[in-house]
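Working notes for the structure below.
Every number for a ligand or one of its atoms is a count from 1 in the order of the listing. Quantities reported herein were computed from a predicted structural model and do not represent experimental measurements.
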Amino acid sequence: MQQLRCYGDDRNNGFCVHCGGPSETIDHVPSKVLLDEPYPENLMAAPACRECNNGLSLEEEYLACLLECVIAGDIAPEKLHRAKIGRILRANSSLLTRLQRARTDGAEGPVWAAENDRVSRVILKLARCHAAFELNEPQLHEPSRLGFKPLSLMTEKERTAFESDDDAFDVWPEVGSRAMQRLLVAGTDTFTEGWLAVQEGNYRFHTSQANGLTVKIVLREYLGCEVVWD
Ligand SMILES: [Zn+2]
């Protein structure tokens, strides 16, 4: 990915983008468990305190593994598409058991009961990093809305609205922010309709400030996530 310097307001830097605590570490977004090697160069990153940066790694691992099992319709590590996730599950029998328990057989195939709280926490962490890095607008407070849904379960109308970029720049991003610069350099990265693909098939996201601050993320071209701060 092209590395863009942020020329936005410096007062929005220098603290943990999740809790406002000390800037002790760099939180890469997306976390590497959501990507495969070779990793994209110049991954986005935001300042974070140690606790926020490391505190959700098990949740992130859980979500990455859950998604692979759902997509493969199977829990057996050798059946999964991402080799990395197969390795994680082979080494982590308690997570494997947990995912096995989440699976039941429905009439049209396996049904998975996601641990929604854990999924939500990971999505919020990702969205906060994007808000801080992309828009230079750290959002320390709770979002007004956080939702996620498989793309395949969205109605046509929901999907169109989710993918759309129609009103994304009614409010222009902060001058100097990376989002503003991307408006000017679109074409150097995989950048379609306002979506930025960090890694094809694994992770893409979209930020806008049209109706509040909205961060949309698609994981594995399967799960659509949306976080809104009014
Ligand atoms: Zn923190």
## Note on the structure
Separation between CG (Leu67) and CD1 (Ile85), nearest 0.5 Å, reads 8.5 Å

### Polar protein atoms near the Zn ion (ligand 1) [N, O or S; cut-off under 2.8 Å]
Cys16 SG, Cys19 SG, Cys49 SG, Cys52 SG

### Message
Under 3.5 Å, is there a donor on one side chain and an acceptor on the other for Asn92 and Ser94?
### Response
yes

### Query
With a 4.0 Å cut-off, would you call Arg82 and Asp36 a salt bridge?
yes

### Query
How long is the gap from CG on Leu35 to OH on Tyr203, to the nearest 0.5 Å?
8.5 Å

### Task
Salt-bridge test for Lys216 and Glu163: reply yes if a basic N is under 4.0 Å from a carboxylate O, no otherwise.
no

### Query
What pairs with His18 under ring pair (Phe, Tyr, Trp, His ring centres under 6.0 Å), at least two apart in sequence or on another chain?
none

